[in-house]
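Please read the structure below before turning to the comments.
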Amino acid sequence: MVQIRRAWLGAILCLVLAVAGTPACAEAPVVVFAAASLKNALDDVSGAWTKATGKTTRISYAASSALAKQIEAGAPADLFFSADLAWMDYVAVKGSIQASTRTSLLRNALVLIAPKDSSLTVDLKPGLDLTKALGKGRIAMGNVEAVPAGKYGKAALETLGAWDSVKDRVAQAENVRAALLLVARGEAPLGIVYATDAISDTSVKVIAPFPAASHPPVIYPVALTKASTNPDAAEFLAYLRSPAARVFFERQGFSFIGVEDRT
């Protein structure tokens with residue numbers, strides 16, 4: 001009852017101020033929960049949308065796993081932009097998204113990185129042994145049980161036969177950007193991140209890309225949340241799917257999934 005009363009009072013106040021010519025009740029920003037690896041590209045997309053429409057977003061970046069749990073718990077997000085299909089499936093099963101709005105929008109690749117001044121060379125092929133390259137250091141990855149980049153990385157190392165030899169030498173980070181930072185600071189001699197993350201930081205370099213067949217496809221789905229009531233959210237989702245947004249995503253190294261391939 002208190003919340004309803006406050007809502008009515010807020011609406012009355014906005015109406016009174018509008019009659020008085022005071023622009024006090026601006027449109028609410030579209031709240032987006034997005035995988036950390038999307039930051040550079042999505043910041044650019046959001047800025048372009050704001051410039052074109054005058055409308056705004058508020059974006060929270062974190063691991064897809066953390067964001068999915070927050071949405072499940074009732075966090076007030078309008079859109080969820082995940083770095084893998086599994087966490088979007090998770091919120092779908094929980095009834096937390098509008099299923100009809102779900103779109104697989106982007107692809108990414110997985111790479112092995114090192115600090116930019118590293119002289120390491122690694123051939124990512126079956127029979128891979130990373131212990132010599134690591135020396136006494138650790139390999140930085142997202143949490144291998146929850147963070148999509150960590151799960152992809154573990155799958156790739158298992159496929160190539162290297163997981164058992166390094167599983168006790170993994171520096172597990174809360175998201176892929178945190179893993180990137182460990183390598184950029186020289187705190188880890190190697191790391192597994194997305195190709196787009198490597199592009200975003202000149203303090204690291206790509207040692208080698210992982211074979212695409214060594215891990216599940218890296219696909220980014222996006223959807224409106226069930227709880228969203230923001231009328232601008234659907235408009236921003238449509239913009240994310242548009243050729244205008246595609247330019248910014250591809251500039252950061254993402255591959256845009258064609259309409260005919262989306263699910």
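FYI, side chains are in, hydrogens and waters are out, and symmetry mates aren't considered; it's all heavy atoms of this structure.
- In terms of hydrophobic clustering, with Ile, Leu, Val, Met, Phe, Trp and Tyr side chains grouped at heavy-atom distances under 4.5 Å, V218 and V206 are assigned to a common cluster.
- With no hydrogens or angles considered, no side-chain donor-acceptor pair links S37 and Y61 at under 3.5 Å.
- Atom CE of M88 sits about 5.5 Å away from atom OG of S82, to the nearest 0.5 Å.
- Partner of L85 under the side-chain contact (heavy atoms from CB on, under 4.5 Å) criterion, out of S104, P216, P217, P148: S104 alone.
- Scored by the side chain to side chain contact (heavy atoms under 4.5 Å, CB included) test, K167 finds W163, D164 as partners (sequence neighbours excluded).
- D78 CG to L237 CG: the interatomic distance, rounded to the nearest 0.5 Å, is 11.0 Å.
- Aromatic pair Y152/F210: ring centres not closer than 6.0 Å.
- The two residues T159 and S214 have their closest heavy-atom pair at OG1-O, 2.9 Å.
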Step by step, work out the side chain to side chain contact (heavy atoms under 4.5 Å, CB included) result for R102 and F80. CA-CA 9 Å; R102 177 174 173 169; F80 179 39; over 6 Å; no
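- In this structure, S200 OG and L180 CG are separated by 5.5 Å, a value rounded to the nearest 0.5 Å.
- Rounded to the nearest 0.5 Å, atoms OG1 (T56) and CZ (F236) are 10.0 Å apart.
- Criterion: ILVMFWY side-chain heavy atoms under 4.5 Å apart, direct or through other members. Under it, L42 and V222 are part of a common hydrophobic cluster.
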Which pairs of donor and acceptor atoms, one on a side chain in residues 131-141, lie under 3.5 Å apart (sequence neighbours left out)?
unit_1: T131; atom_1: OG1; unit_2: D129; atom_2: OD1; d: 2.6
unit_1: T131; atom_1: OG1; unit_2: D129; atom_2: OD2; d: 3.4
unit_1: R138; atom_1: NH1; unit_2: D168; atom_2: O; d: 3.4

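- Using a 4.0 Å cut-off between charged side-chain N and carboxylate O, E235 and K55 make a salt bridge.
- Pairs engaging residues 247-257 under the side chain to side chain donor-acceptor pair (under 3.5 Å) rule: R246-E250 [sequence neighbours left out].
- Between the CG atom of L105 and the CZ atom of F256 there is a distance of 4.5 Å, given to the nearest 0.5 Å.
- Considering every non-hydrogen atom in both A178 and A173, the closest pair reads CB-CB, 3.7 Å.
- With a 6.0 Å radius and a threshold of 12 heavy atoms from other residues, nucleotides or ligands, Q172 has its CD atom above the threshold.
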Taking only distance into account, with no hydrogens and no angle test, what donor-acceptor pairs under 3.5 Å do side-chain atoms of residues 115-127 form with protein atoms, sequence neighbours excluded?
unit_1: S118; atom_1: OG; unit_2: L120; atom_2: N; d: 3.1

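- Checked against ring pair (Phe, Tyr, Trp, His ring centres under 6.0 Å), F33 has no partners two or more places apart in sequence or in another chain.
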Report the C-alpha separation of D89 and K94 in whole Å, then their side-chain angles, then the decisive distance to 0.1 Å, and conclude whether the salt bridge (charged side-chain N to carboxylate O under 4.0 Å, His left out) test is met. CA-CA 9 Å; D89 290 342; K94 299 294 182 178; over 6 Å; no
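- Below 30°, between 30° and 60°, or above 60°: for F81 and F249 the angle between ring planes is above 60°, a perpendicular geometry.
- Going from atom CG of N230 over to atom CG of D232 covers 5.0 Å, rounded to the nearest 0.5 Å.
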Exercise answer: donor-acceptor pairs, residues 184-196 side-chain atoms, under 3.5 Å, sequence neighbours excluded:
unit_1: Y194; atom_1: OH; unit_2: A149; atom_2: N; d: 3.1
unit_1: T196; atom_1: OG1; unit_2: N108; atom_2: ND2; d: 2.8

